[in-house]
Protein chains: 2
Amino acid sequence: MTKRIDEWSVGELARKAGVSVRTLHHYDEIGLLRPRRTGQAGYRVYGRPEALRLREIMFYRAMGMGLDQIAGLVDAPGKDRRARLAEQAVRLKAERSRIDDMLAAIVEAVETDRESIMTIDDLYKAFEPAKQAEYEAWLVENYGPDMADHIATSKAQLEKVPEEMAAKMAELRDIEEALVAIFLRGEGDVGPVIERHRAWVAAMWGRPCSHAAHAGLADMYLSHPDFVARFEMLAPRFSQWFPAAIKANAAAQGVG
Amino acid sequence: MTKRIDEWSVGELARKAGVSVRTLHHYDEIGLLRPRRTGQAGYRVYGRPEALRLREIMFYRAMGMGLDQIAGLVDAPGKDRRARLAEQAVRLKAERSRIDDMLAAIVEAVETDRESIMTIDDLYKAFEPAKQAEYEAWLVENYGPDMADHIATSKAQLEKVPEEMAAKMAELRDIEEALVAIFLRGEGDVGPVIERHRAWVAAMWGRPCSHAAHAGLADMYLSHPDFVARFEMLAPRFSQWFPAAIKANAAAQGVG
DNA sequence: ATGGGACCTCACGTAGCGTGAGGGTCAAGG
DNA sequence: CCTTGACCCTCACGCTACGTGAGGTCCCAT
């Protein structure tokens with residue numbers, strides 16, 4: 001009994017095709033892919049046609065088709081294949097929009113209880129003069145005095161009139177809310193919101209905030225526990241995502 | 001036994017909450033929502049706290065959470081709620097990207113066998129002089145001679161040099177391919193591609209194609225069997241989607 | 001008393017396998 | 001010749017979140 005080439009056992013075919021043995025057993029059970037049962041030991045033996053059929057099955061499975069649909073497609077070659085593909089596309093789109101709805105529900109829920117967790121008052125506390133001095137010291141320590149030239153702190157701007165300050169805090173809350181929404185949703189264009197943040201920073205500083213300065217700020221967000229804590233409170237992992245988004249934006253604008 | 005207000009039977013609560021009776025039975029079984037079993041007949045009786053708990057359950061279910069996760073969330077109030085929500089968002093995003101991959105696989109498959117079904121030669125046939133005359137007649141019949149003034153046919157342009165014509169046909173194929181991809185994928189910005197199509201039409205006509213003229217053309221696509229057949233061959237339902245997209249684009253540009 | 005609706009408890013079915021349990025088969029080495 | 005380990009076999013239950021009967025009990029109005 002020389003073992004012919006072009007013949008494989010379940011395990012061999014499974015490895016070759018990247019599926020599990022159980023999967024092949026299952027396909028055999030439901031009649032989707034029948035092996036040639038030639039060995040008297042009852043061992044499944046697959047030949048080249050079976051291997052090709054398996055490839056085809058996996059091709060359709062990659063499009064999320066049900067095994068019954070696949071059976072119809074591989075058994076009736078070509079027959080309304082396009083229609084089936086289009087139907088599947090419709091199903092997938094429906095499924096995806098259901099997922100989008102769920103994501104929207106999460107975003108809404110997070111925003112809702114964020115209103116009670118992170119209030120405007122908390123934002124004020126984050127911008128106390130003592131804190132600002134600390135941040136400036138941190139920046140000087142980590143970047144040297146020359147960087148402190150590029151990255152200003154908002155210390156000098158804290159004497160803004162209360163109404164103006166309130167408006168700034170409200171805008172920051174809006175910006176962060178928009179960022180959290182995009183972060184959780186996992187889609188949407190961050191660029192404009194990041195730019196809005198950069199403009200906000202510039203307004204706070206009272207002077208322009210370059211992309212490089214913005215990126216430097218992002219480093220502080222990443223490293224300083226105050227910022228990490230504040231951002232992490234908005235959403236888990238947001239404290240890493242936000243600085244990364246700032247840096248990506250800076251890089252996209254051509255700044256290393 | 002006066003039936004107290006604030007007490008409901010399974011059926012009543014189910015109707016009130018918009019779920020099935022079986023669902024409430026199931027929640028009872030797995031201990032997610034236990035009714036007060038006060039009637040000696042074994043009837044389930046739900047009070048206000050249970051109704052509130054059900055609302056909460058449905059709230060989390062709308063985000064696609066598993067019932068076990070939900071149990072954890074409603075039993076440990078507030079405890080790492082945000083983290084759970086964020087985790088769920090991650091899961092949903094992963095799921096969505098899997099679906100996007102499947103959609104991409106479908107788009108690729110459709111494009112691949114489109115190459116064998118709809119060749120450039122077929123496109124040439126669609127632009128034969130006899131056909132062009134027919135389309136012009138159709139337009140005159142349906143819109144009157146004055147509309148034929150706006151909507152030119154490509155008849156006069158058929159004397160283009162072969163190379164130019166070949167380039168035109170190839171571009172049309174590209175445009176249609178891009179449209180089919182967006183159609184099947186269910187997302188992406190159609191506007192630019194529609195505009196590309198309008199520019200293509202203008203080039204064929206040898207004179208500008210207004211949005212109104214483009215919309216008129218869309219009507220012909222909708223009504224004339226030749227176009228319906230050709231577009232339907234690209235993908236089922238595409239023959240309706242494409243004209244609708246043209247009209248939406250025209251309307252968006254401020255043309256009725 | 002009775003009829004119909006609401007309720008009850010099983011219990012199987014769903015999609016696509018994963019994961020053992022319990023037991024043969026095969027090739028090579030001792 | 002026997003053993004050992006890798007491979008194979010056939011059940012058969014488990015998983016999600018219920019849907020869908022089947023067969024029987026209970027409540028309320030007439």
Side-chain angles (χ1 to χ4, degrees), chain A residues 1-4 7-46 50 54 57-58 60-72 74 88 91-92 95 98-99 102, chain B residues 1-4 7-46 50 54 57-74 88 91-92 95 98-99 102:
Chain A
M1 283 305 178
T2 344
K3 183 176 173 182
R4 264 165 292 177
E7 285 200 342
W8 305 279
S9 66
V10 255
E12 287 165 349
L13 182 61
R15 261 193 307 281
K16 208 166 78 82
V19 301
S20 73
V21 170
R22 181 64 176 93
T23 296
L24 294 181
H25 282 183
H26 184 59
Y27 291 173
D28 186 6
E29 267 177 37
I30 65 173
L32 179 56
L33 181 63
R34 294 243 128 97
R36 315 200 312 251
R37 226 52 167 285
T38 176
Q40 54 273 76
Y43 280 26
R44 290 174 179 82
V45 176
Y46 296 87
E50 287 80 19
L54 178 55
I57 290 169
M58 292 179 64
Y60 287 123
R61 226 190 31 166
M63 312 194 285
M65 301 259 198
L67 296 185
D68 46 352
Q69 303 269 333
I70 296 180
V74 297
Q88 179 62 10
R91 271 193 293 272
L92 289 175
E95 184 69 16
R98 271 193 45 233
I99 291 182
M102 293 178 181
Chain B
M1 287 303 178
T2 344
K3 181 176 173 183
R4 263 165 294 177
E7 284 200 342
W8 305 280
S9 66
V10 254
E12 286 166 349
L13 182 60
R15 260 193 309 280
K16 207 166 80 83
V19 302
S20 74
V21 170
R22 181 65 177 95
T23 295
L24 294 180
H25 281 183
H26 184 59
Y27 292 172
D28 186 7
E29 267 177 38
I30 65 174
L32 178 57
L33 180 64
R34 293 245 128 96
R36 315 198 314 250
R37 226 51 167 285
T38 177
Q40 55 273 73
Y43 279 26
R44 290 172 180 83
V45 176
Y46 297 85
E50 288 79 21
L54 178 56
I57 290 169
M58 293 179 64
F59 172 73
Y60 288 122
R61 225 190 33 167
M63 312 193 228
M65 302 260 199
L67 296 185
D68 47 352
Q69 302 268 336
I70 295 180
L73 281 165
V74 298
Q88 178 63 10
R91 271 193 292 274
L92 289 175
E95 183 69 16
R98 272 193 43 233
I99 291 182
M102 293 178 181

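Remember, predicted model here, so these are calculated numbers, not experimental data.
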Which letter, B, S or -, goes with each nucleotide of nucleotides 8-21 of chain C from 5' to 3', with contact meaning a protein heavy atom under 4.0 Å?
SB-B----BBBB--
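A/Y27 places a side-chain heavy atom less than 4.5 Å from the side chain of A/L54. The shortest distance between side-chain heavy atoms of B/L92 and B/Q88 falls below 4.5 Å.
Listed by chain and residue number, A/R98 satisfy the salt bridge (charged side-chain N to carboxylate O under 4.0 Å, His left out) test with A/E95 (two or more places apart in sequence, or in another chain). By the side-chain contact (heavy atoms from CB on, under 4.5 Å) test, A/R15 pairs with A/E12, sequence neighbours left out. For A/V10, the side-chain contact (heavy atoms from CB on, under 4.5 Å) partners two or more places apart in sequence, or in a different chain, are A/V21, A/L24, A/H25, A/R44, A/Y46. Under the salt bridge (charged side-chain N to carboxylate O under 4.0 Å, His left out) criterion, B/R22 pairs with B/E29, not counting sequence neighbours.
Across its full length, the helix from C/dA1-D/dT30 to C/dG30-D/dC1 shows an angle of 40° between the axes of its 5 terminal pairs at either end, rounded to 10 degrees.
Across all non-hydrogen atoms, the minimal contact from A/L33 to A/E50 is CD1-O, 3.6 Å.
One interatomic measurement links the two molecules: NZ of A/K16 to C1' of D/dC7, which rounds to 19 Å at whole-angstrom precision. Atom CE in A/M102 sits about 12 Å away from atom C1' in D/dA17, given to the nearest Å. Nucleotide D/dT16 holds its C1' atom 16 Å from the CD1 atom of B/I57, rounded to whole Å.
With rounding to the nearest 0.5 Å, the separation of CD1 in B/I70 from CD1 in B/I30 is 8.5 Å.
Residue A/S9 places at least one side-chain N or O closer than 4.0 Å to OP1 or OP2 of D/dC8.
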